[in-house]
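In what follows, chains carry the letters A, B, and so on, assigned in the order in which the sequence lines appear, proteins first and then strands, with residues in each chain numbered from 1.
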Protein chains: 2
Amino acid sequence: MTLKELAKALGLSPTTVSRALNGFPEVSDATRRKVQAAAEAYGYRPNMRARSLATGRAMAIGHVIPLASGHEMVNPVFADFIAGAGEVYSKSGYDMLISIVPEAEQARAYEEFKSKGSVDGIIVHAPREGDRRISLLKSVGIPFVVHGRASESDESYSWVDMNNLRAFQRATAFLLDLGHRRIALINGLENMDFAIRRRAGFEAAHDAQGLRHFDDLKVSGEMTEQFGHDRTRDMLGRDDPPTAIIASSMILAIGIRRAIREAGLEMGRDVSLIIHDDDLSYLPNGGDDPIFTATRSSVREAGRRAATMLLDIIASGSDAPRSELLEAELILGQSTGPAPAQVSITEPT
Amino acid sequence: MTLKELAKALGLSPTTVSRALNGFPEVSDATRRKVQAAAEAYGYRPNMRARSLATGRAMAIGHVIPLASGHEMVNPVFADFIAGAGEVYSKSGYDMLISIVPEAEQARAYEEFKSKGSVDGIIVHAPREGDRRISLLKSVGIPFVVHGRASESDESYSWVDMNNLRAFQRATAFLLDLGHRRIALINGLENMDFAIRRRAGFEAAHDAQGLRHFDDLKVSGEMTEQFGHDRTRDMLGRDDPPTAIIASSMILAIGIRRAIREAGLEMGRDVSLIIHDDDLSYLPNGGDDPIFTATRSSVREAGRRAATMLLDIIASGSDAPRSELLEAELILGQSTGPAPAQVSITEPT
DNA sequence: TCATTCTTCCAAACCGCTTTGAATCAGAAG
DNA sequence: CTTCTGATTCAAAGCGGTTTGGAAGAATGA
């Protein structure tokens, strides 16, 4: 059923029917009701492609999720982020277009989005340090919001980010306050912006108290269970092991916990652990009483915020950059405790 | 840059330019080359909305991801499935449209996809027992492929599925052969089709050897780490605990392993564990030498297959149902071993 | 040489909707 | 009884492509 057919069935012109359905004022209430009733009865729904060809608006948002070259890892937080964004889109009648694009083809992907006219705006995922995509998108001239930030030039584009630096600073300070002096950081890949900021927070907390942080206790890599396990095992096996660990994700934490157990130690007593919890729906941190002490910030909420911001930007037409910085909560769980009493192995009295 | 502008710049008609670019034969090689060069130079790309309005093909596939009511869980395997499907789409110039739709609004979502004309086909995720979506989609008359199956009437629609029954049958038989007689099944929600088939396989393996299976060792629920842990803890705490466990996912397995350790037992010696491994990119099963013995089937590959099948169906125009059943490999890991010698507690000799 | 057949290109219609500019009609004002 | 105004409605021109039905020119055959 097309508009034209509906119009004919009603004995009206397409113009009037279109206006009646789209809420324009120059239609009498009587005919509007008649048209709406008929549309309902016939199950008429406007063809989006025709409509957006006519209006110039695609009514769709593109998400380009990068597939890192080499390791073909799909970041598991996308699922929840997208769920959050999707909620917002469907409320506003927008569609969500996703393309998973290898690192090398990103530039082409954005230009295609623009020139093919298939989206009104773009969400940029997983920015790196000095990400070239941002200047690319600005030159392409399509509205976009970055989930996260590229490390420099924060002022000139729109973003939604979690305050990674502050979260890790607080977590680190909390451990320092508990007396820990050798704290390990198990981080994501440090070409990712979020990982850089987290490390900076980790270091800043030490600096603020005039305490040392140790390069050999800072590791970064793909955030898998295995990686968390292996690095923890290595570090706990040393002469001078850490008494606490800060980790960038829940999945890492699971491997870390395993390594702690395998070393015959108890988490929260022998080794403290704070993680960042993205509040993923399929990896809950134990519900009411959290297993891990964590800095928590819902990535699904971030998705909602980013989507809302992008739709606002598109609706307003203004390209004044906006930004939103979400603060993480520090959630107390069972994985942290005071630093164990210092046992000097080498010089017993 | 539009087709018309390009045509004018070349001194040709839009017709000829369109034909030159789309490979129609009624254009001389000389002009075709000229047109292609100019298109390249101007960076011309056809507007997809206009094109698909004219051709009637949307060049997009819709994925409707159900959001179960109540528990707002986003199934983590979607990320990998979609990555696989996305590969295929982008190779064929298709876009991927995703909408995350609450259970209750599924019907409306499909009808909208159809009537709005925004997709040429649909992938159906996470079918339930007797899923109504299938008959709905058939009546709507839009090509679709189901990832999985609805439990009955297998013949009349297209699907790609993993052989859940066979995989769990083999895994169970393997444990029975190792001498295990009390085997637990920690399954996904048993209103999901895949969970039903897995349970059937579990039971069939017992039946085939004339052995009993125990209802109190079969549990099902949301597949979280916590659920795996809690149910395992409960079962190991009983008078007559299982000596082996079969679990439906990697995430469950992580919780199960934790509970085994907490019970002071060793996985692979005191308690054997076989899991199903979807081969998720962010949850690898230990690489070269697998941690868990597992039935493995890549969900990303399933995504590729489903997408390929759907594009084929669309291209062929035939609505003859097709299907593809993927077999899981049985991967030997460190989590299984012979059943521990039967220690009779009550009647020592 | 002239009719015939390809080749190659083009004008115009169309896809389904929105939107501009104008037409129609009823009631108010003069 | 005109004229004007405001409220409704409509015809037609896009939006940017594809596709049908010729038309012009070149090549072929008699």
(message) What's the closest nucleotide to the side chain of V27(A) if the choices are dC9(C), dC15(D), dT9(D)?
(response) dT9(D)

(request) Return the 5'-most residue of the pair S13(B), A50(B) with respect to DNA chain C, ranking by each residue's nearest nucleotide. (result) S13(B)

(message) Given dG14(D), dT9(D), dT18(D), identify the nucleotide with an atom nearest to the side chain of L3(B).
(response) dT18(D)

(request) Classify the angle between the aromatic ring planes of H125(A) and F81(A) as parallel (below 30°), tilted (30 to 60°) or perpendicular (above 60°). (result) perpendicular

(message) Are H63(A) and F78(A), when compared by the centres of their aromatic rings, separated by less than 6.0 Å?
(response) no

(request) Using atom CG of N47(B) as one end and atom C1' of dT18(D) as the other, report the distance to the nearest whole Å. (result) 13 Å

(request) Taking only the side-chain nitrogens and oxygens of T55(B), find out if one of them lies under 4.0 Å from OP1 or OP2 of dT19(D). (result) no

(request) Evaluate the ring planes of Y282(B) and Y282(A), with Trp represented by its six-membered ring, and classify them as parallel (under 30°), tilted (30 to 60°) or perpendicular (over 60°). (result) tilted

(message) Tell me whether the side-chain N/O atoms of T16(A) come closer than 4.0 Å to OP1 or OP2 in dC10(D).
(response) yes

(message) Please report the distance, rounded to the nearest Å, between CE in M59(A) and P in dC17(C).
(response) 15 Å

(request) Nearest whole angstrom, please: distance from the P of dG16(D) to the CZ of R51(A). (result) 18 Å

(request) Please report the C-alpha distance between L3(B) and Y44(B) in whole Å, then the side-chain angles of each, then the deciding distance to 0.1 Å, and finally whether the side-chain contact (heavy atoms from CB on, under 4.5 Å) criterion is met. (result) CA-CA 8 Å; L3(B) 216 203; Y44(B) 167 78; 3.6 Å; yes

(message) Assuming nearest nucleotide by heavy-atom distance, tell me which of P25(B) and R57(A) is located more 5' along DNA chain C.
(response) P25(B)

(message) Rounded to whole Å, how long is the line connecting atom CZ of R19(A) with atom C1' of dC17(C)?
(response) 13 Å

(message) Using OP1 and OP2 only, check whether a side-chain N or O of S18(A) sits under 4.0 Å from dT18(C).
(response) yes

(request) Round to the nearest Å and state the distance from D29(B) atom CG to dC9(C) atom C1'. (result) 15 Å

(message) Let me confirm one number: the CG-NE2 distance from L310(B) to H147(B), rounded to the nearest 0.5 Å.
(response) 13.5 Å

(request) Check every strand shown and say whether S52(B) touches a base, only sugar-phosphate, or nothing at a heavy-atom separation below 4.0 Å. (result) nothing

(message) By the 4.0 Å heavy-atom rule, please label T15(A) as base, sugar-phosphate, or nothing.
(response) base

(request) Starting from C1' on dT8(D), measure out to CG on L10(A) and report it in whole angstrom. (result) 16 Å

(request) Would you tell me if any nitrogen or oxygen in the side chain of Y44(A) comes within less than 4.0 Å of OP1 or OP2 on dC17(C)? (result) yes

(message) Between C1' on dC17(C) and CE on M1(A), what's the gap in Å once rounded to a whole number?
(response) 15 Å

(request) Identify, between E26(B) and R45(B), the residue whose nearest nucleotide on DNA chain D lies closer to the 5' end. (result) R45(B)

(request) Specify the separation, in whole Å, of atom CZ of F24(B) and atom P of dT8(C). (result) 16 Å

